[in-house]
Amino acid sequence: MPHLESKSIDLAVIGGSGLYAFPGLENTTRHALDTPFGAASGDVVIGDFAGMRVAFLARHGESHSVPPHRVNYRANLWALHRLGAHRVIGVNAVGGIRSDMGPRVIVVPDQLIDYTHGRLTSFCDVDGAEVKHIDFSEPYTEALRQQLLAAARTAGIAVIDGGCYGATQGPRLETRAEIARMKRDGCDLVGMTGMPEAALARELSLDYACLALVANFAAGCGDEAEISIEEIFAHLAAATAEVPRLLAAMPQT
Ligand code: HPA
């Protein structure tokens with residue numbers, strides 16, 4: 001399939017809660033793509049950043065109007081692919097389950113468990129489409145994870161290497177019992193948008209990695225009896241502020 005953007009895209013970024021526009025993106029053009037899977041969450045904004053051609057898409061829309069279970073993940077990934085993206089970073093707000101993954105910590109996970117349901121999880125359910133059984137043993141592209149970790153080192157930003165992301169349905173937060181079960185399952189983090197995004201990226205042979213920003217301790221993991229949404233957004237704003245500096249240090253491929 002020919003790419004629509006004349007210059008190649010060095011890096012695509014899908015912004016999660018708290019990241020609705022990419023600070024520092026210059027000479028931007030907006031692309032509203034009509035995909036075979038419907039509308040993406042919004043326009044893809046392409047511009048220049050730190051010597052790279054960067055494509056940015058706000059996963060929940062630019063005014064945070066699309067909840068996690070209603071994001072058109074297929075249209076989003078397809079649009080980035082069609083525009084010429086090869087490397088995609090999914091920025092995701094998460095709750096921390098592991099004790100060293102408290103608010104404002106940044107994690108580059110290496111595994112995931114999918115607890116979502118009722119989402120459209122594959123490009124293969126269109127009539128006549130070839131059925132692909134992708135290998136998903138390693139859900140994130142290791143080379144891209146390593147690039148993120150190298151960028152964090154260069155930028156002097158502390159990140160945790162590895163961890164298991166549990167993807168829940170949302171939009172509600174989880175019960176203590178659900179988080180206790182996820183902990184027993186081996187989850188270190190919980191978020192609502194990691195899947196099916198990672199699997200769809202693999203179906204399109206895109207390199208994909210996750211930059212998980214911890215907004216709160218997950219239910220029952222911190223001292224608070226209740227999780228405050230105001231606190232979530234305050235912590236998220238602090239962690240999100242580091243993202244452009246980290247991505248500016250990404251090696252160019
Ligand atoms: N659970 C699920 N998703 C989240 C959380 C959480 O506690 N915090 C931020 N995203």
Side-chain angles (χ1 to χ4, degrees), residues 13-20 41 57-73 76 89-119 121 139-140 158-160 162-200 208-243 246:
V13 179
I14 303 179
S17 295
L19 188 61
Y20 309 112
S41 297
L57 175 61
R59 186 185 288 115
H60 300 285
E62 289 176 11
S63 57
H64 199 141
S65 52
V66 190
H69 62 295
R70 300 201 58 190
V71 170
N72 191 339
Y73 295 94
N76 287 355
I89 306 295
V91 181
N92 299 81
V94 295
I97 297 175
R98 216 166 84 184
S99 60
D100 60 342
M101 294 185 178
R104 304 188 181 200
V105 168
I106 302 178
V107 186
V108 182
D110 62 351
Q111 271 301 327
L112 66 78
I113 299 178
D114 187 6
Y115 300 89
T116 66
H117 49 86
R119 300 184 182 188
T121 55
Y140 303 110
V159 300
I160 295 181
C164 181
Y165 177 115
T168 55
Q169 180 68 358
R172 67 168 176 83
L173 298 172
E174 300 72 32
T175 66
R176 286 165 179 265
E178 285 169 333
I179 294 295
R181 180 183 72 151
M182 291 177 73
K183 192 171 183 173
R184 288 194 298 275
D185 285 353
C187 294
D188 301 307
L189 300 163
V190 54
M192 302 174 190
T193 49
M195 282 294 282
E197 198 170 273
L200 291 167
Y208 180 88
C210 167
L211 197 56
L213 312 180
V214 182
N216 56 286
F217 269 120
C221 297
D223 297 333
E224 302 89 3
E226 272 182 30
I227 297 168
S228 140
I229 298 301
E230 289 70 34
E231 268 179 49
I232 285 191
F233 277 96
H235 291 311
L236 211 44
T240 302
E242 305 274 48
V243 172
L246 193 156

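Everything numeric here is computed off the predicted structure, so don't read it as measured data. Every number for a ligand or one of its atoms is a count from 1 in the order of the listing.
- Annotation: ring-ring contact (aromatic ring centres under 6.0 Å, His included) contacts of Tyr115 (sequence neighbours excluded): none.
- Note on ring orientation: taking the six-membered ring where Trp is involved, the planes of Phe233 and His64 are perpendicular (angle over 60°, cut-offs 30° and 60°).
- Cys187 contributes atom SG, which lies 10.5 Å from atom CD of Gln111 (distance to the nearest 0.5 angstrom).
- Put simply, CD on Glu174 and OG1 on Thr168 are 4.0 Å apart, with the number rounded to the nearest 0.5 Å.
- Note: Asp188 CG to Met182 CE = 10.0 Å, rounded to the nearest 0.5 Å.
- Within 4.0 Å of ligand 1, protein heavy atoms belong to Ala93, Val94, Gly95, Leu173, Glu174, Val190, Gly191, Met192, Asn216, listed by chain and number.
- Between Arg181 atom CZ and Lys183 atom NZ the span is 15.5 Å, to the nearest 0.5 Å.
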